[in-house]
J.: 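Have a look at this one.
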Protein chains: 2
Amino acid sequence: MPENKPRISKAALGRISQYLNYLKKLPEGAYPYISSTIIAEELGLNQVQVRKDLACVGNGGKPKIGYKRSELISDIEHFLGHDDSSDAVLVGVGNLGKALLAYGNFNKYGLNIIAAFDSDKNLIGSQIAGKTVYSVDKIPELCKTLNVKIGIITVPASEAQEVCNRLIDGGVRAIWNFAPAIISVPKRVVIKNEDMAASLAVLSKMLKENLLNYGAD
Amino acid sequence: MPENKPRISKAALGRISQYLNYLKKLPEGAYPYISSTIIAEELGLNQVQVRKDLACVGNGGKPKIGYKRSELISDIEHFLGHDDSSDAVLVGVGNLGKALLAYGNFNKYGLNIIAAFDSDKNLIGSQIAGKTVYSVDKIPELCKTLNVKIGIITVPASEAQEVCNRLIDGGVRAIWNFAPAIISVPKRVVIKNEDMAASLAVLSKMLKENLLNYGAD
DNA sequence: TAGATTGTTAATCGATTAACAATC
DNA sequence: TAGATTGTTAATCGATTAACAATC
């Protein structure tokens, strides 16, 4: 019986999210029990790493048998907080904002977008994917009323900081930022930047190296 | 004069992309020279780390003075490949696909989306943000003709692997995957998953810890 | 029992940070 | 010159991997 769960790194969190994804996609009933060896193989990871990660989320598997799949899934879901949803609001109902609003799956991941904001008068009052769009002026007030702790920013870079400030005025404590902007927040607020430029830089470098290693054709 | 540029980590690449973003947003002419100390402070990083990162991209700054801003910008741009653009195609013209097509800034980052694909007959033949939408059946053929090496996947998870296979048939060597799916690719192909679920998991954990440290209100 | 698999302890590796010398 | 800043070498830290004991 494992005891003190070790603190977890961001990289490990990402992997754990991957495991869940993988486990849920396995054909129903095909693997009542699954081993770290198989998971590692399928996902291209080290098996010890998989076991270490899994040691953080539940109370372990059984030697010779592996981990009970259904149990592992609910352990991970609990660990990632998928079972107690947090409410969020989204600011900036452009294409990306609409895409995120329409993407129904966030609920599965414990995120519940309950309202949207925009500065465009034509959008205010309308419904996008079942969520009402309010004026950005209402951000602080509505966030307080709804007791929202998570704000998603999908506005142009130039407006990102201002929008962020209003969210924080409304009591938001976590910012998920999709704008290509550097935003500063006080210490009591956390921010996760979804930096496409950085991702693209990584992809480009990977491609370049790979072309060197395996030839350009 | 620094000599052998060290190999660079993905984390470092992300930071370098951040530096560029920051440098470009500085008021024109205000800082002809900028120090690693200031960059580090503004971006909440360690100054030695900033210097190490910058040592990889150009041929350094001057003691007491710092780095010449204009030079640093073009060094980073060159390093990240922003000056020689790569062509890419995008598959899946839903909300997210549209958002990426409409997002004009990829050109600045050296990525040039030249065509899109979808399976919806109503979309095929139309133009989205100036790019023609073709049938997914045409993927291998058109990718070969256009000599495209980068494919962006924004289809539902269930179709992602199939779409990926077609891209690879067409000679694509790098996949930027936005579908919440585990895709397998041969070794000569690189893949970068844009995993929203993982990002969200990180944000949630950060929020939870922060609420513990700074109180829930 | 024998063997597959887990979980843990120790070793390795890589990235970050600290200390300091070089230099403009 | 003195001091700010760079760049480098060494130390630290954390994450990954290897080796192995425990166990079903």
Side-chain angles (χ1 to χ4, degrees), chain A residues 1-19 23 31-69 71-72 75-76 79 198 201-202 205-206 209, chain B residues 1-19 23 31-69 71-72 75-76 79 198 201-202 205-206 209:
Chain A
M1 201 181 295
E3 303 256 312
N4 51 344
K5 307 261 159 74
R7 221 165 216 287
I8 200 138
S9 70
K10 288 183 188 181
L13 265 176
R15 289 193 301 270
I16 289 169
S17 167
Q18 262 200 297
Y19 304 151
L23 291 169
Y31 293 88
Y33 286 84
I34 189 156
S35 75
S36 56
T37 323
I38 293 183
I39 299 180
E41 216 160 88
E42 289 289 325
L43 268 49
L45 299 168
N46 179 294
Q47 40 164 300
V48 179
Q49 190 167 59
V50 173
R51 282 203 288 283
K52 279 226 163 136
D53 290 343
L54 293 184
C56 299
V57 308
N59 39 21
K62 283 184 193 138
K64 189 162 179 175
I65 296 173
Y67 300 79
K68 189 171 185 186
R69 182 169 151 268
E71 208 168 274
L72 197 47
D75 280 351
I76 296 180
F79 179 76
V202 171
K205 279 282 163 197
M206 281 165 65
E209 272 181 30
Chain B
M1 202 183 295
E3 305 254 311
N4 52 343
K5 306 263 159 73
R7 219 166 219 288
I8 200 138
S9 71
K10 289 184 187 180
L13 266 176
R15 287 193 301 268
I16 289 168
S17 166
Q18 263 201 297
Y19 304 152
L23 291 169
Y31 293 88
Y33 286 85
I34 189 154
S35 75
S36 55
T37 323
I38 293 182
I39 299 180
E41 216 160 88
E42 290 289 324
L43 269 49
L45 299 169
N46 180 294
Q47 42 165 300
V48 179
Q49 189 168 59
V50 173
R51 283 204 286 284
K52 280 225 162 136
D53 290 343
L54 294 184
C56 299
V57 308
N59 40 21
K62 284 185 191 136
K64 188 160 179 179
I65 295 174
Y67 301 80
K68 190 173 183 185
R69 182 169 151 266
E71 208 169 274
L72 197 47
D75 280 350
I76 296 181
F79 179 78
V202 171
K205 278 283 164 195
M206 281 164 65
E209 271 180 31

J.: May I have the distance from A/N59 (atom CG) to D/dC24 (atom P), rounded to whole angstrom?
T.: 14 Å
J.: Side chain of B/N46, heavy atoms from C-beta onward: which of D/dG7, C/dG7, C/dA18 has the nearest atom to it?
T.: C/dA18
J.: Would you mind reading off the distance between A/Q47 atom CD and D/dT16 atom C1', rounded to a whole angstrom?
T.: 13 Å
J.: How many Å lie between CD1 on B/I65 and P on D/dG7, as a whole number?
T.: 12 Å
J.: Need to verify one output field. Residue with the more 5' nearest nucleotide on DNA chain D, A/D53 or B/T37?
T.: B/T37
J.: Would you give the length of the straight line joining atom CD1 of B/I39 to atom CG of B/D53, rounded to the nearest 0.5 angstrom?
T.: 10.0 Å
J.: Going by purine N1 to pyrimidine N3 plus the second Watson-Crick contact, or the G-U wobble pair, all under 3.5 Å, which nucleotide sits opposite C/dA11?
T.: D/dT16
J.: What's the closest nucleotide to the side chain of B/S9 if the choices are C/dT6, C/dA15, C/dC24?
T.: C/dA15
J.: With B/R15, which of B/V50, B/L43, B/L45 fulfils side chain to side chain contact (heavy atoms under 4.5 Å, CB included)?
T.: B/L45
J.: Students often get this wrong, so: under 4.0 angstrom with heavy atoms, is A/K64 touching a base, only sugar-phosphate, or nothing?
T.: base
J.: Measure from CD on A/Q49 to P on D/dA19 and round the result to the nearest Å.
T.: 17 Å
J.: With a sphere of 6.0 Å drawn around NZ of A/K68, does it hold more than 12 non-hydrogen atoms of other residues, nucleotides or ligands?
T.: no
J.: What's the closest nucleotide to the side chain of A/P63 if the choices are C/dT16, C/dT17, D/dC24?
T.: D/dC24
J.: In Å and rounded to the nearest 0.5 Å, what is the OG to CD distance from B/S36 to B/E41?
T.: 10.5 Å
J.: Of the listed nucleotides (C/dT16, D/dG7, C/dT6), which one gets closest to any side-chain atom of B/R51?
T.: D/dG7
J.: What is the distance from NZ of A/K62 to C1' of C/dG3, rounded to the nearest Å?
T.: 18 Å
J.: Figure out the OH/C1' separation between A/Y67 and C/dG7, and round it to whole Å.
T.: 8 Å
J.: Would you check if the side chain of A/R69 reaches a backbone N or O of A/L23 as a donor-acceptor pair within less than 3.5 Å?
T.: yes
J.: Establish whether the base of D/dT6 is bridged to the side chain of B/K52 by a donor-acceptor pair shorter than 3.5 Å.
T.: no
J.: Rounded to the Å, how far apart are B/K10 NZ and D/dT16 P?
T.: 13 Å
J.: Grab the CG-P distance between B/L54 and D/dG7 for me, whole Å please.
T.: 8 Å
J.: Taking pairing as Watson-Crick or G-U wobble with both contacts under 3.5 Å, can you name the mate of C/dA21, or confirm there isn't one?
T.: D/dT6
